[in-house]
Asks: 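One structure coming up, written as structure tokens, with questions to follow.
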Amino acid sequence: MTDNELWPLDPSYEPFGGERDLTHRDADWSGLSVLVVGLGVSGFAAADALLERGANVRVVSRDKTDVMAERAQILEVLGAEIAFGAEHMTSAPQGTQLVVTSPGVPPTDPLMTDAADRGIPVWGEVELAWRMRPREGAAPWITITGTNGKTTAVTMLESILQAQGLRAVAAGNVGMPIMEAILDPQPFDVIAVELSTFQLHWSRSVSPFASCLLNVAPDHVDWHGSFEEYRRQKGRVFERTQAACVYNVDDPTTEALLEEAEVVEGCRAIGFTLGTPAPSMVGIVEDVLADRAFVEERRTSAAELAVLRDLGPNAAAPHYVADALAAAALARSYGVSPAAVRKGLMDYSPQPHRMALVATLDGVRYVNDSKATNPPAAAASLTAYEPVVWIAGGLLKGADVSELVRDNATRLRGAVLMGRDRDAIARALAEHAPDVPVAIVEESEPEAAMTQALEHARGMAQSGDTVLLAPAAASLDMYASYGARGDAFTRIVESLGGADA
């Protein structure tokens with residue numbers, strides 16, 4: 001059995017001859033031969049931290065951008081070896097004792113399979129960050145994952161923790177890189193950590209104070225090899241949780257994965273639901289976000305955490321309310337008061353490209369939800385509005401949109417389809433919503449395509465409607481990112497002028 005096979009089963013196993021206890025920043029990292037894969041933000045932070053502690057670091061990157069070249073120069077001054085190009089991404093140099101990989105590198109990558117075959121342990125930057133925490137007084141982590149909503153939930157949690165007066169930050173897959181957070185000269189009181197399945201796959205010993213799985217739907221199957229493996233990796237967020245595991249009552253998969261997890265004895269299971277909460281849950285009672293988990297008499301009483309209007313205009317979106325409930329449950333598990341939960345939710349500003357109202361033109365709302373990059377995310381967005389002129393399309397990555405279209409057909413005033421996989425959505429509309437007008441964007445240049453999409457949408461929409469960019473697909477067929485796609489939508493809507501709100 002190789003080291004990489006052993007480590008997920010036994011986090012205490014150390015492959016360094018028993019001579020190194022690499023579980024805190026003051027351990028003996030000196031002379032350790034480490035290969036860092038990737039020169040993104042996380043790779044740079046990992047290499048920098050290892051060099052500072054005397055490790056021998058080699059960094060490899062398939063790509064070389066101007067920013068990466070600048071980072072490479074800095075690391076070379078600090079003593080690292082740098083190698084750019086695909087030819088350096090096939091195997092680890094002889095003598096490598098540890099590989100630290102960027103989260104996007106799949107386990108099927110030649111370099112990763114080489115490490116596995118040779119028994120070289122592989123950590124992600126999250127695992128390295130956990131092991132770089134101080135021996136005493138380290139800030140606890142509260143971790144969140146899910147197919148959709150994790151960035152909203154983790155930044156809501158950050159706002160709530162700060163409303164309590166804590167020095168808190170959102171880190172990991174969003175916000176501050178996790179290595180920067182744990183090495184900050186002014187220590188944080190608590191860190192809210194967003195984790196992707198990529199990061200969870202390469203984690204081995206993280207033991208959060210509290211953890212949350214928001215939802216599970218098919219995604220990134222190409223990276224993980226199967227939906228079952230993707231599902232399993234999502235469930236790893238619960239492993240070794242100390243105080244509270246928060247699951248989605250309305251998504252049974254999250255509870256099933258919690259039941260399979262090995263947690264610290266005494267850790268509680270806390271549910272969140274859009275319905276009336278049972279004991280040990282948070283949920284909705286009329287228009288109140290109610291806590292029946294962290295009150296003394298939870299069988300007979302509840303604490304009011306907020307009311308729906310405190311969530312602002314997105315309170316009509318069920319998934320947004322669910323994210324708020326999850327964040328509130330995690331905060332309450334950490335001892336945050338109901339008053340701070342309410343203040344944190346009221347102070348919170350939604351992240352860009354997530355159900356952002358850009359303008360209202362001639363009575364029609366224009367909403368940018370470019371972050372809806374898969375069908376479940378688009379479904380959550382569509383349920384918040386009616387009637388909708390839907391702008392959709394891009395890279396579906398093999399996802400089936402039939403259920404999405406069938407369930408939302410009655411909400412659609414029209415549909416505007418763009419991107420590489422637009423025909424797949426058109427077929428679903430023809431089958432499940434044959435009476436809905438459909439316009440096809442023929443332009444392929446990004447700005448021109450979005451301009452044409454909005455021209456079609458504006459022609460379909462009536463006063464009281466919502467023109468909704470919720471593509472249900474990734475953006476990389478036409479745009480550099482979902483953010484670039486959302487920026488194009490916002491820019492063109494704003495150029496139309498005449499906004500009345």
Asks: Can you tell whether the side chains of Arg232 and Glu260 come within less than 4.0 Å, N to carboxylate O?
Replies: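 No, Arg232 and Glu260 are not salt-bridged.
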Asks: Identify the residue among Arg131, Arg135, Met132 that makes a side-chain contact (heavy atoms from CB on, under 4.5 Å) with Thr23.
Replies: Arg131
Asks: Is the closest side-chain donor-acceptor distance between Asp347 and Ser159 under 3.5 Å?
Replies: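 There is no such pair between these side chains.
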Asks: When you measure from the centre of the six-membered ring of Tyr320, is the NZ or CZ of Arg354 closer than 6.0 Å and no more than 45° off the axis?
Replies: no
Asks: Answer with yes or no whether the side chains of Lys234 and Thr145 bring together a donor and an acceptor at under 3.5 Å.
Replies: yes
Asks: Between Arg204 and Trp202, is NZ or CZ placed under 6.0 angstrom from the six-membered ring centre and within 45° of the ring axis?
Replies: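 Output no; distance or angle outside limits.
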Asks: Compute whether any side-chain donor of one residue and acceptor of the other, for Ser102 and Glu125, lie under 3.5 angstrom apart.
Replies: no
Asks: Parallel, tilted or perpendicular, judged at 30° and 60°: which one describes the rings of Phe209 and Tyr334?
Replies: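 Rings of Phe209 and Tyr334: perpendicular, over 60°.
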Asks: So, Ser370 and Arg485: side-chain donor and acceptor under 3.5 Å apart, yes or no?
Replies: yes
Asks: With no hydrogens and no angle check, just 3.5 Å: does a side-chain donor-acceptor pair link Ser30 and Asp28?
Replies: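 Yes, Asp28 and Ser30 have a side-chain donor paired with an acceptor closer than 3.5 Å.
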Asks: So if I apply the side-chain contact (heavy atoms from CB on, under 4.5 Å) rule between Phe272 and each of Leu289, Val321, Val282, Val249, which one comes out positive?
Replies: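 So the option named by the test is Val282.
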Asks: Measuring from Leu382:CG to Tyr385:OH, what's the distance to the nearest 0.5 Å?
Replies: 10.0 Å
Asks: Any side-chain donor-acceptor pair under 3.5 Å between Asn215 and Asn148?
Replies: no
Asks: Looking at every non-hydrogen atom in both residues, tell me the closest pair between Gln164 and Ser337 and how far apart they are.
Replies: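 Closest pair (atom of Gln164, atom of Ser337, distance): OE1-N, 3.1 Å.
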Asks: Sequence neighbours left out, what pairs pass salt bridge (charged side-chain N to carboxylate O under 4.0 Å, His left out) with at least one residue falling in residues 150-178?
Replies: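 Counting only pairs at least two positions apart or across chains, the salt bridge (charged side-chain N to carboxylate O under 4.0 Å, His left out) contacts touching residues 150-178 are Arg167-Asp184.
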Asks: Testing the basics here: between Ala47 and Val59, what is the closest heavy-atom pair and its distance to 0.1 Å?
Replies: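 Closest pair (atom of Ala47, atom of Val59, distance): CB-CG2, 3.9 Å.
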Asks: Testing the 3.5 Å rule here: is there a donor-acceptor pair between the side chains of Asp250 and Thr273?
Replies: yes
